[in-house]
Colleague: 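Would you mind keeping the following structure in view while I ask a few things?
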Amino acid sequence: MALAQSAIAFDRPAGRLVAGDFGTRTLIGALDAYGALSRPLQQRGLYKACRLVGSVAWSGRTATIALGPDAQISFPASDPYWNRMLLRSYDHEPEMARLLRLLATVDYGFVDCGANIGYWSVFAASGVGGSKPVLAIEASAPTYGQLVANAAPHAGLVKTFHRAILDRSGVEVSLNAEAHEARGIAAEGEASNGETVTSITIDDLLDQEGWAERRLVVKLDVEGVEREALAGMERALGRDALVIYEDHGSDPTHGLTRHVLDERGLAVHLLLDDRAVRLKRADELDAYKRDRTKGYNLIALRDASQWPSVAA
């Protein structure tokens, strides 16, 4: 697939900028150099640098990233969460890419809860991810619009939903005022950005779409309502769905992993760049969670033997 016409375009597999004027190339080169030099410090400050450059130099422009021959995503070039992907020195969740590549030959459906602009939905639906069918759910309307646009070339495989994942369907919920990558259902007393959206449980969505008997990989990136999301997918868990969830570095108690292990009795593996590590206790995460600004991806499942390519 050829890259769409865009003000800025980067081919990630090739590691090269394929569209961008001299000024853009110079700025990306400088950011890339900082990203490489700051690796020993977990690339601290890179987000702020990308935000500054994006707001000053790239406002109103579009960036496109090629993920593979048949996969690309576009986003506002000023967005620091995504414009870091224009840098060779930055890699977005390499452990997730490794997992989906390992599962490329497995027959499953991908449920992307908190799909954002569709990065992992498009990855899973593309050839590199094994051309999987995808249900992509995003709560925020502006972000959902970008998701729809990025999923459009994969319309035969990716179906999108403007809903919020919860433990009950049909509830009108308000969203908080966080940046899009952290936006979720507003907690009691938390400021809202004015958006409201209707909730749906994962089990109800699966029934609605005729996926009740399908083998599933479910990605939960639902910003604080993971426990509710799990409560709304009891039937899917009973059919050995593999769940990907995030335990954030800012939580030294590892509360979500403790819930998954101790209250739900699921097997848990921490995803690393080159392997998956089985965890028997939540406090084993102390050895891995070193960056308070980072989310750490883990998988949870009832029967690890059902997913031998990624869990043992």
Colleague: Do we see a donor-acceptor contact under 3.5 Å between the side chains of S59 and S78?
Modeller: no
Colleague: Might you work through the side chain to side chain contact (heavy atoms under 4.5 Å, CB included) test for R302 and L237, ending with a clear yes or no?
Modeller: CA-CA 7 Å; R302 290 200 187 282; L237 287 171; 3.9 Å; yes
Colleague: Could you check if a side-chain atom of I8 sits within less than 4.5 angstrom of a side-chain atom of L17, using non-hydrogen atoms only?
Modeller: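 Side-chain contact under 4.5 Å: yes.
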Colleague: Does one side chain, of H254 or D283, offer a donor that lies under 3.5 Å from an acceptor on the other?
Modeller: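 Side chains of H254 and D283: no pair found under 3.5 Å.
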Colleague: Mind checking the CD-OG1 spacing from E138 to T143? Nearest 0.5 Å is all I need.
Modeller: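 Between atom CD of E138 and atom OG1 of T143 there are 5.0 Å.
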Colleague: Contact between Y108 and R214 at the side-chain level, heavy atoms closer than 4.5 Å - yes or no?
Modeller: no
Colleague: Hey, does V243 have a side-chain heavy atom less than 4.5 Å from the side chain of L220?
Modeller: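 Result yes, sub-4.5 Å side-chain heavy-atom pair found.
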Colleague: Give a yes/no verdict on a cation-pi contact between R84 and Y81, requiring under 6.0 Å between NZ or CZ and the six-membered ring centre and an angle within 45° of the axis.
Modeller: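 The answer is yes; both the distance and angle limits are met.
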Colleague: At what distance, to the nearest 0.5 angstrom, does CG of D79 lie from CD1 of I117?
Modeller: 7.0 Å
Colleague: With no hydrogens and no angle check, just 3.5 Å: does a side-chain donor-acceptor pair link N297 and E246?
Modeller: no
Colleague: Yes or no on side chain to side chain contact (heavy atoms under 4.5 Å, CB included) for E181 and E223, after CA distance, side-chain angles and deciding distance?
Modeller: CA-CA 9 Å; E181 64 268 23; E223 303 304 331; 6.0 Å; no
Colleague: For the residue pair N193 and E195, confirm or rule out a side-chain donor-acceptor distance under 3.5 Å.
Modeller: yes
Colleague: Within the structure provided, determine whether I202 and I165 are in side-chain contact (heavy-atom separation under 4.5 Å).
Modeller: yes
Colleague: Taking the side chain as every heavy atom from C-beta outward, state whether L157 and S131 have any pair of such atoms under 4.5 Å apart.
Modeller: yes
Colleague: Using a distance-only test with no angle check, is there a side-chain donor-acceptor pair under 3.5 angstrom linking D291 and T293?
Modeller: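 Distance-only check passes for D291 and T293.
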Colleague: With a 3.5 Å distance limit and no angle check, can you tell me whether S309 reaches the backbone of L103 through a side-chain donor-acceptor pair?
Modeller: no
Colleague: Cluster question for you: counting only ILVMFWY and a side-chain heavy-atom cut-off of under 4.5 Å, with indirect links fine, are V111 and L298 together?
Modeller: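 Yes.
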Colleague: Between T160 and Y144, which heavy-atom pair has the shortest distance, and what is it?
Modeller: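 Closest approach of T160 to Y144, heavy atoms only: OG1-OH, 3.0 Å.
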Colleague: Show your reasoning for whether salt bridge (Lys or Arg N to Asp or Glu O under 4.0 Å) applies to D247 and K289.
Modeller: CA-CA 9 Å; D247 196 314; K289 288 171 63 176; 2.6 Å; yes
Colleague: Decide whether R61 and T24 meet the rule of one side-chain donor and one side-chain acceptor closer than 3.5 Å.
Modeller: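 R61 vs T24: donor-acceptor pair found between side chains.
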Colleague: How long is the span from the CG atom in N116 to the CG atom in L147, to the nearest 0.5 Å?
Modeller: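 Interatomic distance, N116 CG to L147 CG, rounded to 0.5 Å: 8.5 Å.
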Colleague: Would you say the side-chain atoms of S192 pair up with the backbone N or O of N176, donor to acceptor, closer than 3.5 Å?
Modeller: no
Colleague: Please confirm whether the ring centroid of F110 lies under 6.0 Å from the ring centroid of W120.
Modeller: no
Colleague: Over all heavy atoms of both residues, which pair between C50 and N83 is shortest? Give the atoms and the distance, please.
Modeller: CB-OD1, 3.0 Å
Colleague: Output yes when D207 and R235 qualify as a salt bridge under the 4.0 Å nitrogen-oxygen rule, no when they do not.
Modeller: yes
Colleague: To the nearest 0.5 Å, what is the distance between CG (L46) and OG (S89)?
Modeller: 6.0 Å
Colleague: Below 4.5 Å, heavy atoms only, C-beta onward: do R88 and F10 meet side chain to side chain?
Modeller: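 Yes, their side chains come closer than 4.5 Å.
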Colleague: So T198 and E172, side chain to side chain donor-acceptor pair (under 3.5 Å) or not? Walk me through it.
Modeller: CA-CA 5 Å; T198 305; E172 290 294 316; 2.3 Å; yes
Colleague: Where do S121 and A115 come nearest, in terms of heavy atoms and distance?
Modeller: OG-CB, 4.0 Å
Colleague: Output, in order, the C-alpha distance, side-chain angles, deciding distance and verdict of side chain to side chain donor-acceptor pair (under 3.5 Å) for D204 and S169.
Modeller: CA-CA 7 Å; D204 285 350; S169 295; 2.6 Å; yes
Colleague: Quick check on the hydrophobic clustering: are V277 and L271 connected, directly or via other members, by side-chain heavy-atom contacts under 4.5 Å?
Modeller: no
Colleague: Has the side chain of D11 got a donor or acceptor atom that lies under 3.5 Å from a matching backbone atom of R16?
Modeller: no
Colleague: Before you tell me yes or no, could you show the steps for T257 and Y296 under side chain to side chain donor-acceptor pair (under 3.5 Å), namely the whole-Å CA-CA distance, both residues' side-chain angles and the distance that decides it to 0.1 Å?
Modeller: CA-CA 11 Å; T257 294; Y296 291 80; over 6 Å; no
Colleague: Evaluate E234 against R264 for salt bridge (Lys or Arg N to Asp or Glu O under 4.0 Å), listing each step before the verdict.
Modeller: CA-CA 10 Å; E234 296 286 2; R264 290 202 158 269; 3.0 Å; yes
Colleague: For V260 versus V268, what's the shortest heavy-atom pair and its separation?
Modeller: CG1-CG2, 3.5 Å
Colleague: Quick check against the 3.5 Å criterion: does R278 have a side-chain atom that pairs as donor or acceptor with the backbone of H269?
Modeller: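 No: the side chain of R278 does not pair with the backbone of H269.
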Colleague: Restricting to non-hydrogen atoms, name the atom on L206 and the atom on L216 that form the minimum distance, rounded to 0.1 Å.
Modeller: CD1-CD1, 3.4 Å
Colleague: Quick check on the hydrophobic clustering: are L230 and V217 connected, directly or via other members, by side-chain heavy-atom contacts under 4.5 Å?
Modeller: no
Colleague: Report the C-alpha distance between D70 and H154 in whole Å, list the side-chain angles of each, state the deciding distance to 0.1 Å, and finish with yes or no for side chain to side chain donor-acceptor pair (under 3.5 Å).
Modeller: CA-CA 9 Å; D70 63 340; H154 304 274; 5.4 Å; no
Colleague: Is a side-chain donor-acceptor pair under 3.5 Å present for S140 with R183?
Modeller: yes
Colleague: Which distance, rounded to the nearest 0.5 Å, do you find between the CG of L242 and the CG of L301?
Modeller: 5.5 Å
Colleague: Return the minimal non-hydrogen interatomic distance between A241 and M233, and the atom names on each side.
Modeller: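 Taking every non-hydrogen atom into account, CB-CE, 4.3 Å.
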Colleague: Is V310 linked to V218 within one hydrophobic cluster, defined over Ile, Leu, Val, Met, Phe, Trp and Tyr using a side-chain heavy-atom separation of less than 4.5 Å?
Modeller: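 Looking at the clustering, V218 is in a separate group from V310.
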Colleague: Kindly indicate, with the supporting measurements, whether the criterion side chain to side chain contact (heavy atoms under 4.5 Å, CB included) is fulfilled by I65 and W82.
Modeller: CA-CA 9 Å; I65 302 294; W82 292 113; over 6 Å; no
Colleague: Atom OG1 of T64 and atom CD1 of I73: how far apart are they, to the nearest 0.5 Å?
Modeller: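 Separation between the atoms: 9.0 Å.
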Colleague: Check the hydrophobic clustering (I, L, V, M, F, W, Y; side-chain heavy atoms under 4.5 Å; chains of links allowed) and say if L135 and V148 are grouped together.
Modeller: no
Colleague: Any Lys/Arg nitrogen of R215 or D107 sitting under 4.0 Å from an Asp/Glu carboxylate oxygen of the other?
Modeller: no
Colleague: Can the ring centres of Y119 and H92 be said to be less than 6.0 Å apart?
Modeller: yes
Colleague: Between the main-chain N or O of E209 and the side-chain N or O of K159, is there a donor-acceptor pair closer than 3.5 Å?
Modeller: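 No, the answer is negative, given that no donor and acceptor are paired below the 3.5 Å cut-off.
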Colleague: How about W307 and D240: does a side-chain donor come under 3.5 Å of a side-chain acceptor?
Modeller: no
Colleague: Can you tell me if CZ on R44 sees more than 12 non-hydrogen neighbours from other groups inside 6.0 Å?
Modeller: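 Yes, the 6.0 Å shell around CZ holds more than 12 heavy atoms from other groups.
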Colleague: Apply side chain to side chain contact (heavy atoms under 4.5 Å, CB included) to residues L99 and R101 and explain how you reach the verdict.
Modeller: CA-CA 5 Å; L99 174 67; R101 287 191 178 102; over 6 Å; no
Colleague: Do the side chain of D32 and the main chain of L87 share a donor and acceptor less than 3.5 angstrom apart?
Modeller: no
